[in-house]
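Have a look at the structure below before the remarks.
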Amino acid sequence: MKKVGVAILGLGVVGGGTYKILTEKRDFYKKNHGVDIIVESVLELRKERALALGIDEQKIASNIAEVCSNPEVDIVVEVMGGVDPAKKYVLAALNAGKSVVTSNKELFCKYSHELEKAAKKNNCGLFFEASCVGGVPVIRSLLDNLQGNKITSLLGIINGTTNYILTKMSDGGASYEDVLKEAQSLGYAEANPTADVEGYDAAYKLSILSSLAFHTKIPFEKIYREGITAIDSLDISYGKRLGYTLKLIALGKNTENGIEVRVHPAFIKNSHPLASVNDSYNAVFITGDCVEDVMLYGRGAGALPTGSAIVGDIIYCATHDNFNYSAFKNTPNADPDTKFVSNFKSAYYIRLVARDKAGVLSKVSAVLGKNSISLSQVIQENAEEENGGVPLVLVSHETSEKHILKAVEEINAIDKFAKVQSVIRVVT
Ligand code: HSE
């Protein structure tokens, strides 16, 4: 039986999960795929992690050179995260003729062109299913199964931490700060949550997914990014009354005017399937010209779900001799003829506090009318605010971001009591 040796770089949550799957299911894979996949080497500075998993001490490498020169190793699994030293290690492995399976979204987003070049030069496989949306098989769906389509849009909830936080804020009305603390104590959110809550993690993933979907490199810098740190639970509850759920969305659209890529909080209509993707679950809703709508749903993180994606790549790699790469020109920048849309269109939720006095509402309406903004929903409350104003919640029909920003500026200038408190995009 063909033997395939694997090295795992990093034995954190995902590395440990991958090791566990590979060892516990070794016979299952032998029976189903006719290959014996053996973990031959691990590289982990915290040796106790390897020993706790029951890994033989002689399989613990002390540096990347040892892994690369090990003739028993065919596939290197990189699950360290970050760019440095992961990039150096992955390039060393590829240049030593080892195929690479990685879960590293930041590395793949920023350097897929360099990694792919090295993989092609050395006739090695380069697999990255686990880099986006954990156990949800979205990469291979885009790379292979959906190739017959022109993908027109991709809308996802692709960060579990923020989805957990927003779900809890929505369920209990708690503040962002309180839910973040709870998420950290449960181990859902990192001690330094910036990458998740500021939308970087989702933007790395969107860069990878939209590059595959739209057949051109979508650099991270082209993605509009806004996190969830400024979200007020009051807006979540007004949204609920209007029939919306708040999510951190990742949106890629390929329109006649160009490509639009953005990560930001948005209200989603409750009738949309993504509105019921809760807690740390993720989903990607893809629209293609032949297939129409496809939704992939599941766990976007965790030892076994992400390990599932990694092991799927290992098995694929172990059972194929020729490898496919990205179906686009993998360069650092987009193709020169790719246009990007910056003044995008959306519907908008606007909450303001206005003086409860004749004429204020008509002035707000006049500003909206002047900026060609028409409304689809309005809530006006009697409740007194601290400053003597009353809350007014508006939802617009689709309009351009520029018009909204101008209208907000003009509403804020009406008088000192008309102040816009929040503006949130609405996915229609
Ligand atoms: N931190 C990520 C999330 C998981 O919360 O979804 C790995 O990408």
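Remark: S237 engages L234 in a side chain to side chain contact (heavy atoms under 4.5 Å, CB included) (not counting sequence neighbours). For R225, the side-chain hydrogen bond (donor to acceptor under 3.5 Å, both in side chains) partners at least two apart in sequence or on another chain are Y200. Every side chain to side chain contact (heavy atoms under 4.5 Å, CB included) that A309 has, sequence neighbours left out, goes to E129, A130. Considering only residues two or more places apart in sequence or on other chains, E401 meets the side-chain hydrogen bond (donor to acceptor under 3.5 Å, both in side chains) condition with Y348, R425. Checked against side chain to side chain contact (heavy atoms under 4.5 Å, CB included), N412 has the following partners two or more places apart in sequence or in another chain: V408, K419, V420. Residues passing the side chain to side chain contact (heavy atoms under 4.5 Å, CB included) test with K339: none are found, sequence neighbours excluded.
D36 pairs with exactly one of R26, K25, K2 by the salt bridge (charged side-chain N to carboxylate O under 4.0 Å, His left out) rule, that one being R26.
For Y244 and Y349, the distance between ring centers is not under 6.0 angstrom.
Taking the side chain as every heavy atom from C-beta outward, K110 and K87 never approach each other to under 4.5 Å.
Residues in residues 305-317 take part in these salt bridge (Lys or Arg N to Asp or Glu O under 4.0 Å) pairs, two or more places apart or across chains: R140-D313. Listed by first then second residue, pairs satisfying salt bridge (Lys or Arg N to Asp or Glu O under 4.0 Å) with a partner in residues 179-199 number zero, not counting sequence neighbours. Residue pairs meeting the ring-ring contact (aromatic ring centres under 6.0 Å, His included) criterion with at least one member in residues 3-56, sequence neighbours excluded, do not occur. Note on residues 75-85: pairs passing side chain to side chain donor-acceptor pair (under 3.5 Å), not counting sequence neighbours, are E78-T102, E78-N104.
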List, one per line, each side-chain donor-acceptor pair under 3.5 Å for residues 283-292, sequence neighbours excluded.
from, atom 1, to, atom 2, distance (Å)
T287, OG1, D293, OD1, 2.9
D289, OD1, K150, N, 2.8

Only pairs under 3.5 Å count here: list side-chain donor-acceptor contacts from residues 247-258, not counting sequence neighbours, and write none if there are none.
from, atom 1, to, atom 2, distance (Å)
K247, NZ, N163, OD1, 3.2
K247, NZ, V277, O, 2.6
K247, NZ, N278, OD1, 3.2
T255, OG1, N257, N, 3.2
T255, OG1, G258, N, 3.3
T255, OG1, G258, O, 2.9

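With Q377 contributing its side chain and L242 its backbone, the two residues share a donor-acceptor pair below 3.5 Å.
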